[in-house]
Novice: 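Got a structure for you, written out below as structure tokens; questions coming shortly.
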Amino acid sequence: MTLHHGAGLTLVAMHFAPPRDLTARVVFASALYDLVVTAPFATPWTATRTIEQLTRVHQALALSGSFALEGPMSLLFLNLMGSIVVVWSVVRLQTPTARLGAADTVGRILFSSWFAFALAQGASTLLVAFLVLEVTWAMVQGLTVFRVLRARRLATIPS
């Protein structure tokens with residue numbers, strides 16, 4: 001982490017280098033994907049603009065389902081989700097371990113479940129794209145991470 005001072009402002013720059021280990025690279029890539037996809041939902045201003053853009057995509061593609069996000073409470077929960085996922089992403093970018101990857105995989109399974117639930121309740125079929133990516137990351141990361149964790153556990157079992 002580097003602090004930059006100037007013109008009365010202090011900026012924090014974090015440097016992330018992709019790791020060499022396969023498991024750490026997968027966890028790192030997963031975190032980077034999450035950061036890029038969820039950062040636009042972290043503030044009321046960016047989330048409002050992002051939802052407007054996604055609504056236009058939904059309408060332009062004439063997708064089925066509802067893409068309604070109404071009221072300040074919906075926006076609040078969207079911002080809370082965006083904020084916590086951004087923080088969680090930064091933690092995994094800084095420390096891309098198998099253990100954090102395992103926890104993230106469980107979170108991806110939960111997110112996938114809620115995407116599927118929302119689709120079953122009539123949400124926009126635009127969510128299918130997010131669902132496919134979530135399931136794909138859960139499988140790629142899960143298989144990589146759990147293989148490593150299983151090997152570590154087997155290595156500690158006395159013969």
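Along the sequence shown, the residues carry numbers beginning at 1. Note that these values count all heavy atoms, side chains included, but never hydrogens, waters or copies made by symmetry.
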Novice: Out of curiosity, Trp114 CH2 to Glu134 CD, how far, rounded to the nearest 0.5 Å?
Specialist: 13.0 Å

Novice: Val36 and Pro40: which non-hydrogen atoms are nearest, and at how many Å?
Specialist: O-CD, 3.4 Å

Novice: Closest approach of Ala42 and Ser83, non-hydrogen atoms and distance?
Specialist: O-OG, 3.2 Å

Novice: Tell me the closest heavy-atom pair linking Ala39 and Val86, and the distance in Å.
Specialist: CA-CG2, 3.6 Å

Novice: Heavy-atom distance under 4.5 Å between the side chains of Ser66 and Gln121, does that happen here?
Specialist: no

Novice: Between atom CG of Leu93 and atom CG of Asp34, what is the distance when rounded to the nearest 0.5 Å?
Specialist: 9.0 Å

Novice: Closer than 3.5 angstrom, by distance alone: can the side chain of His58 be matched with the main-chain N or O of Thr125 as a donor-acceptor pair?
Specialist: no

Novice: How long is the span from the CG atom in Leu69 to the OG1 atom in Thr48, to the nearest 0.5 Å?
Specialist: 8.0 Å

Novice: Does any non-hydrogen side-chain atom of Thr97 lie less than 4.5 Å from one of Val27?
Specialist: no

Novice: Checking Thr38 side chain against Val85 main chain: does a donor-acceptor pair fall under 3.5 Å?
Specialist: no

Novice: Nearest 0.5 angstrom please: Arg56 CZ to Leu61 CG, how far?
Specialist: 13.0 Å

Novice: Is any side-chain heavy atom of Phe146 closer than 4.5 Å to a side-chain heavy atom of Thr105?
Specialist: yes

Novice: Is Met73 close to Leu76 at the side-chain level, that is, under 4.5 Å between some pair of heavy atoms?
Specialist: yes

Novice: Tell me the closest heavy-atom pair linking Ile109 and Ala138, and the distance in Å.
Specialist: CG1-CB, 4.4 Å

Novice: Using the rule that two of Ile, Leu, Val, Met, Phe, Trp, Tyr join whenever any of their side-chain heavy atoms come within less than 4.5 Å, decide whether Leu54 and Phe111 are in one cluster.
Specialist: yes

Novice: Can you name the one residue among Leu35, Leu32, Asp104 that meets side chain to side chain contact (heavy atoms under 4.5 Å, CB included) with Arg92?
Specialist: Asp104

Novice: Would you name the heavy atoms of Ala47 and Leu78 that are closest together and state the gap between them?
Specialist: CB-CD2, 4.0 Å

Novice: Is there a side chain to side chain donor-acceptor pair (under 3.5 Å) between Thr23 and Arg147 once you walk through the steps?
Specialist: CA-CA 9 Å; Thr23 302; Arg147 187 177 319 136; over 6 Å; no

Novice: I need the Phe41 CZ to Leu80 CG distance, nearest 0.5 Å.
Specialist: 14.0 Å

Novice: Closest approach of Thr46 and Thr43, non-hydrogen atoms and distance?
Specialist: OG1-OG1, 2.6 Å

Novice: Any side-chain heavy atom of Val26 within less than 4.5 Å of one from Val140?
Specialist: yes

Novice: Group every Ile, Leu, Val, Met, Phe, Trp and Tyr by side-chain heavy-atom contacts under 4.5 Å, then state whether Trp88 and Val145 land in the same group.
Specialist: no

Novice: Are Tyr33 and Phe28 connected in a single hydrophobic cluster, I mean Ile/Leu/Val/Met/Phe/Trp/Tyr linked by side-chain heavy atoms less than 4.5 Å apart?
Specialist: no

Novice: Are Trp137 and Met139 connected in a single hydrophobic cluster, I mean Ile/Leu/Val/Met/Phe/Trp/Tyr linked by side-chain heavy atoms less than 4.5 Å apart?
Specialist: yes

Novice: Under 4.5 Å between side-chain heavy atoms, hopping through other hydrophobics if needed: is there a path connecting Leu100 to Leu149?
Specialist: no

Novice: For the CZ atom of Phe117 and the CG atom of Leu127, what is their distance to the nearest 0.5 Å?
Specialist: 12.5 Å

